[in-house]
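Throughout, residue positions are numbered sequentially from 1 according to the sequence presented.
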Amino acid sequence: MGKYVIQPHTRLQEWVAEEHGYFAAEGLDYEFQANGLSGGSRTTSAVRSADSVPEEVRSGAFEDMSATRSCDISAACHWAVNAVAAAGAGKMWGSAYSITPAAVFVAPGSDLTRPEDLAGVEVAVGYHSGSHYATIQALEPFLPSDQLTLTFQGLPNDRLRRLLRGDVAAATLFGQQFYVAEQLGYRKLVDATFAVGFLVAEGADPEETKKYFRALRKAQRDIDLQPQSYLRYWNREMPEDIAALVDVRRFGPGERIVFEPYTREMYETTQRWMSAHDLLDPRLGNESTFDGVVLV
């Protein structure tokens with residue numbers, strides 16, 4: 001049996017678990033995927049050159065996971081994980097999910113002061129990713145769908161850079177990018193906090209997966225008790241040009257793992273919402289079931 005391959009999700013829990021030896025204590029023989037962090041280096045998305053921020057990108061978490069990630073466990077917004085598992089590219093872990101702070105931000109001096117002001121204004125999001133779905137959900141109470149305009153601006157750091165440069169009027173940010181914008185005085189027009197799900201690869205060992213989550217549970221308790229002790233890990237999640245702008249000691253703890261079931265009701269509500277917004281292939285919604293998608 002090979003090592004259990006973990007793809008981190010730009011959060012603190014994996015690094016806290018590693019620091020305290022929780023994975024090892026569980027007997028998990030693991031490694032972090034190179035696309036995440038390896039040997040203290042930065043993530044692939046983090047090291048993208050500040051001069052190479054792409055134009056509109058119509059590929060995101062759903063497409064990445066649908067292509068079958070080369071790891072045993074990974075994470076993305078619960079909408080994408082839900083849909084990918086329905087398509088058969090792995091299973092959704094049913095005994096935990098997480099919540100990440102997110103919001104639609106505009107520049108400090110922007111004339112946009114209310115969510116309603118975003119009518120017809122392009123909001124930068126990631127295609128088929130958490131920011132995409134969360135923005136629709138967050139703005140539904142304020143704008144009719146025909147007045148909501150999204151532009152797909154790549155990965156989280158891509159969107160942050162474009163907002164900081166003034167290339168976009170508004171952007172939906174979560175996790176560490178949320179804290180960067182907040183610290184630099186960018187205005188939060190509307191909260192877009194959303195749930196993150198875990199995708200378990202088809203061939204992942206169930207017992208090894210349980211060890212992974214037991215270790216994360218211990219790490220989450222540590223973060224809950226003394227978050228300031230672990231904020232330094234945000235530095236290894238950021239590219240140098242962005243890290244130079246902020247003091248991570250002023251950040252919050254970010255994504256929080258909830259060790260509660262992702263229930264049948266949650267799954268079915270998500271499927272209905274995605275279908276109603278034409279964000280899910282109708283065949284997936286018709287052919288998939290909670291019992292076939294979620295590991296309980």
Side-chain angles (χ1 to χ4, degrees), residues 3-48 61 69-77 81 93 96-102 130 155-157 160 173-180 182-183 195-201 204 208-259:
K3 291 181 181 292
Y4 190 84
V5 181
I6 300 167
Q7 185 184 100
H9 191 243
T10 319
R11 60 186 169 212
L12 306 181
Q13 286 83 358
E14 277 83 359
W15 317 128
V16 175
E18 183 177 49
E19 174 183 331
H20 291 300
Y22 295 149
F23 293 131
E26 290 291 340
L28 184 65
D29 184 15
Y30 71 98
E31 64 181 7
F32 293 122
Q33 191 176 63
N35 191 42
L37 283 173
S38 178
S41 62
R42 296 174 185 271
T43 64
T44 298
S45 63
V47 298
R48 180 179 299 199
R69 288 176 169 175
S70 57
C71 57
D72 291 296
I73 190 78
S74 63
C77 73
V81 174
W93 184 250
Y97 58 91
S98 59
I99 299 294
T100 186
L155 297 167
N157 282 325
L160 175 60
L173 306 173
F174 65 92
Q176 55 108 330
Q177 290 85 11
F178 174 105
Y179 292 130
V180 171
E182 182 181 61
Q183 193 172 124
V196 173
F198 293 89
L199 184 69
V200 182
E208 299 298 280
T209 301
K210 292 175 184 177
K211 293 175 183 178
Y212 166 78
F213 280 103
R214 287 198 295 266
L216 287 195
R217 184 190 288 269
K218 296 173 185 175
Q220 185 62 67
R221 289 171 180 165
D222 291 340
I223 295 168
D224 288 346
L225 186 62
Q226 292 185 311
Q228 294 78 13
S229 298
Y230 307 107
L231 298 180
R232 66 187 186 279
Y233 283 123
W234 287 123
N235 279 318
R236 67 190 298 186
E237 295 284 1
M238 286 190 289
E240 292 179 359
D241 63 303
I242 295 175
L245 302 175
V246 293
D247 180 352
V248 298
R249 295 174 299 176
R250 297 170 58 193
F251 281 21
E255 188 175 325
R256 187 180 191 281
I257 300 175
V258 180
F259 291 92

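Under the ring-ring contact (aromatic ring centres under 6.0 Å, His included) test applied with Phe213, the options Tyr97, Tyr4, Tyr22, Trp93 reduce to a single match, Trp93.
For Arg249, the side-chain contact (heavy atoms from CB on, under 4.5 Å) partners at least two apart in sequence or on another chain are Asp247. With sequence neighbours excluded, the residues forming a side-chain contact (heavy atoms from CB on, under 4.5 Å) with Lys211 are Glu26, Leu28, Glu208, Arg214, listed by chain and number. Contacts of Leu245 classified as side-chain contact (heavy atoms from CB on, under 4.5 Å), with partners at least two apart in sequence or in another chain: Leu164, Leu184.
Nearest approach of Phe174 to Ala102, heavy atoms of both residues: CB-CB, 3.6 Å. Looking at every heavy atom in both residues, His9 comes nearest to Ala75 through CD2-O, 3.2 Å. Taking every heavy atom of both residues into account, Leu173 and Pro156 meet most closely at CD2-O, 4.3 Å. Pairing each heavy atom of Val180 with each of Phe251, the nearest pair is CG2-CZ, 3.8 Å. Residue Pro253 comes nearest to Leu12 through the heavy atom pair O-CD1, 3.6 Å, listed as atom of the first residue, atom of the second, then distance. Closest heavy-atom contact between Tyr30 and Lys3: O-CD, 3.9 Å.
A distance of 12.0 Å separates OG1 in Thr10 from CZ in Arg236, rounded to the nearest 0.5 Å. The CZ atom of Arg250 sits 9.0 Å away from the CD atom of Glu182 when rounded to the nearest 0.5 Å. Rounded to the nearest 0.5 angstrom, Ile223 CD1 and Ser229 OG are separated by 10.5 Å. Glu19 contributes atom CD, which lies 4.5 Å from atom CZ of Arg232 (distance to the nearest 0.5 angstrom). Here the CD1-CD distance, from Ile73 to Gln33, works out to 12.0 Å after rounding to the nearest 0.5 Å.
When atom types are taken as modelled, the side chain of Glu14 and the backbone of Pro8 share no donor-acceptor pair closer than 3.5 angstrom. In this structure, the side chain of Trp15 does not engage the main chain of Trp234 through any donor-acceptor pair within 3.5 Å. Side-chain atoms of Gln176 come within 3.5 Å of backbone atoms of Glu237 as a donor-acceptor pair (strictly under, hydrogens ignored).
No side-chain heavy atom of Thr100 sits under 4.5 Å from any side-chain heavy atom of Arg11. Taking the side chain as every heavy atom from C-beta outward, Asn157 and Pro239 approach each other to under 4.5 Å. Here the side chains of Leu216 and Phe23 are in contact, with some heavy-atom distance below 4.5 Å.
Aromatic ring pairs are classed by plane angle as parallel below 30°, tilted from 30° to 60° and perpendicular above 60°; the pair Tyr233 and Tyr230 is parallel.
Side-chain contact, Asp224 with Gln220: a donor N or O sits under 3.5 Å from an acceptor N or O.
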